[in-house]
Participant: 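Submitted below is the structure of interest, expressed as structure tokens.
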Amino acid sequence: MTDSAGFPPMHAVELRSVSRHFGPVKAVDAVDLAVAPGEFFAMLGPSGSGKTTCLRLIAGFEQPTAGDVFLFGASLRDVPPYRRDVNTVFQDYALFPHMSVLDNVAYGLMVKGIGRAERHRAAGEALELVALPGYGARRPAQLSGGQRQRVALARALVNRPKVLLLDEPLGALDLKLREQMQEELKLLQKALGITFVFVTHDQGEALSMADRVAVFNDGRIAQVGTPAEVYARPRTRFVADFVGSSNVLPPAFCRLFGRNGWASLRPEALTFAAPATGPSHAVAGTLVTENYLGAMRRLAVEAQGQRLHALVPASAPVPAAGAAVTLHFSAADLHPLDDDRVSPAGEGAR
Ligand SMILES: Nc1ncnc2c1ncn2[C@@H]1O[C@H](COP(=O)(O)OP(=O)(O)OP(=O)(O)O)[C@@H](O)[C@H]1O
């Protein structure tokens with residue numbers, strides 16, 4: 001590895017103006033990104049937005065067509081994947097079916113030429129780390145999906161990489177197991193202090209696990225921030241819509257409430273009762289439909305030519321579809337969007 005041009009090694013991972021184009025497809029386009037050491041960093045975005053390509057650029061499975069990737073301040077240009085201090089956990093786990101769990105976990109150490117006894121000891125430790133002690137003799141086919149996912153994690157951790165790259169590792173798990181693994185992954189990451197860069201298209205997963213989130217759209221980063229920042233203060237229509245299904249309101253609607261330009265309004269900010277404090281607005285409309293979601297109900301209300309969605313507690317009395325309703329919201333919850341950065345179709349973030 002070579003030293004970067006005089007920059008201190010303050011970031012675990014850094015992308016400087018990195019692009020990866022495949023012919024006319026700009027999979028990753030002039031992306032700047034800095035991940036702090038020990039951070040749990042999520043790359044969130046819809047299918048095809050460039051997340052996986054970004055991860056592959058860090059891992060070294062792809063080369064940038066422009067720009068540079070750095071690991072702890074050192075350029076990764078011309079550094080092959082196996083010499084990068086990173087490991088990747090893939091969605092499909094990529095375990096070897098003919099090998100025992102222990103040998104799967106020990107595989108990376110075998111490739112490095114570490115002796116059998118030592119690599120089995122380290123693999124056993126890694127299996128303990130992911131709460132699978134005693135599973136070493138099994139084959140992957142004899143494990144549940146969640147257990148296989150843990151083995152894949154143990155295999156990535158056994159090398160003690162400085163950075164762990166995770167590409168939708170929980171994608172194949174059912175909801176309950178997914179939520180359990182989300183908690184465990186986060187605890188493990190904090191305990192080990194390893195930098196995690198996690199790819200997901202699930203905004204709930206990104207918001208609940210990450211220290212910071214980069215929202216990808218069309219090969220570019222639309223916004224980077226803490227989960228609370230990207231959720232509560234989205235910069236663009238795309239981010240507002242993608243992270244938490246906000247009401248994205250056009251200027252004509254916002255003008256009625258004293259705002260110019262586009263704005264977002266979170267569904268949970270719309271209530272039947274006026275807020276107790278601060279300036280607020282009321283909007284009259286017609287209830288179109290309601291969906292029961294367990295703890296909450298999602299209402300669709302037609303008001304001022306706009307379809308508004310509101311999330312109210314399931315226990316709240318809701319009138320029948322077709323009824324006239326009045327919804328209230330705090331003036332402060334009408335969040336202005338940086339509409340200069342958005343294309344007319346509401347998709348771009350450039
Ligand atoms: N090897 C390749 N050749 C041509 N195009 C590619 C190649 N790899 C990726 N792409 C394109 O680059 C874009 C970004 O793909 P990428 O896999 O990075 O997206 P993603 O956000 O990870 O999507 P997903 O969530 O579906 O995995 C897509 O349009 C994809 O078709």
Side-chain angles (χ1 to χ4, degrees), residues 44-47 49 175 179 201-208 215 217 222-223 227-228 230-339 341-349:
L44 171 70
S47 184
S49 57
L175 181 66
E179 287 175 350
H201 62 263
D202 180 336
Q203 51 97 5
E205 188 160 286
L207 295 184
S208 69
V215 185
N217 182 26
Q223 187 169 355
V230 295
Y231 184 81
R233 294 197 296 281
R235 269 178 39 205
T236 67
R237 274 191 271 169
F238 173 80
V239 176
D241 195 38
F242 190 73
V243 182
S245 313
S246 220
N247 292 294
V248 176
L249 303 169
F253 184 92
C254 296
R255 261 196 297 279
L256 301 170
F257 305 97
R259 274 213 184 274
N260 288 323
W262 289 81
S264 72
L265 184 61
R266 294 278 159 207
E268 65 273 22
L270 283 160
T271 52
F272 283 127
T277 54
S280 66
H281 299 296
V283 57
T286 306
L287 182 66
V288 180
T289 163
E290 60 126 336
N291 293 322
Y292 178 68
L293 304 176
M296 307 294 277
R297 280 178 208 276
R298 183 176 157 89
L299 313 180
V301 171
E302 206 69 47
Q304 303 288 350
Q306 186 68 34
R307 175 70 60 94
L308 296 175
H309 289 108
L311 267 184
V312 298
S315 55
V318 173
V325 290
T326 300
L327 294 173
H328 300 264
F329 58 93
S330 290
D333 283 328
L334 196 60
H335 172 78
L337 297 171
D338 181 1
D339 59 311
R341 292 173 53 81
V342 199
S343 73
E347 281 288 310

Participant: Nearest 0.5 Å please: distance from the CD atom of Q203 over to the OG atom of S245.
Facilitator: 6.0 Å
Participant: According to the interplanar angle, ranging from 0 to 90°, do the rings of H281 and F329 count as parallel (below 30°), tilted (30 to 60°) or perpendicular (above 60°)?
Facilitator: tilted
Participant: Report the distance from atom CG of D241 to atom CG of L337, rounding to the nearest 0.5 Å.
Facilitator: 10.0 Å
Participant: Which pair of heavy atoms, one from L308 and one from L249, lies closest together, and at what distance?
Facilitator: CD2-CD2, 3.6 Å
Participant: Of the options V312, L265, V283, which is the one that meets L327 in a side chain to side chain contact (heavy atoms under 4.5 Å, CB included)?
Facilitator: V283
Participant: Please answer whether the main-chain N or O of R233 pairs with a side-chain N or O of Q223 as donor and acceptor at a distance below 3.5 Å.
Facilitator: yes
Participant: Keeping the roles fixed (side chain from T271, backbone from A273), state whether a donor-acceptor pair exists under 3.5 Å.
Facilitator: yes
Participant: Compare every heavy atom of H201 with every heavy atom of F242, then report the nearest pair and how far apart it is.
Facilitator: CZ-O, 3.7 Å
Participant: Under 3.5 Å, side chain of T236 to main-chain N/O of V239, donor-acceptor pair present?
Facilitator: yes
Participant: What distance do Q306 atom CD and C254 atom SG have between them, rounded to the nearest 0.5 Å?
Facilitator: 8.5 Å
Participant: Look only at the side chain of R237 and the backbone of W262, and say whether a donor-acceptor pair between them is shorter than 3.5 Å.
Facilitator: no
Participant: Could you walk me through whether L270 and L299 pass the side-chain contact (heavy atoms from CB on, under 4.5 Å) check?
Facilitator: CA-CA 10 Å; L270 283 160; L299 313 180; over 6 Å; no
Participant: Rounded at 0.5 Å granularity, tell me how far OG1 in T289 sits from CZ in R298.
Facilitator: 9.5 Å
Participant: So does S280 get a backbone contact from the side chain of H328, meaning a donor-acceptor N/O pair under 3.5 Å?
Facilitator: no
Participant: Is a side-chain N or O of R266 found less than 3.5 angstrom from the main chain of Y231, in a donor-acceptor match?
Facilitator: yes
Participant: If you look at every heavy atom in L287 and A320, which pair is closest and at what distance?
Facilitator: CD2-O, 3.8 Å
Participant: Of all heavy-atom pairs between P227 and A206, which one has the smallest distance, and what is that distance?
Facilitator: CG-O, 4.4 Å
Participant: Under the criterion side-chain contact (heavy atoms from CB on, under 4.5 Å), I'd like the reasoning laid out for N260 against R255: C-alpha separation, chi angles, the key distance, then a yes or no.
Facilitator: CA-CA 6 Å; N260 288 323; R255 261 196 297 279; 4.1 Å; yes
Participant: List the atom of R307, the atom of A300, and the distance in Å for their closest heavy-atom pair.
Facilitator: CD-CB, 3.8 Å
Participant: What are the two closest heavy atoms between A240 and V248, and how far apart are they?
Facilitator: CB-CG2, 4.0 Å
Participant: For A323, what residues pass the side-chain contact (heavy atoms from CB on, under 4.5 Å) criterion, not counting sequence neighbours?
Facilitator: P319
Participant: At what distance, to the nearest 0.5 angstrom, does NE2 of H335 lie from CZ of R235?
Facilitator: 10.0 Å
Participant: Measuring from E268:CD to H309:NE2, what's the distance to the nearest 0.5 Å?
Facilitator: 13.5 Å
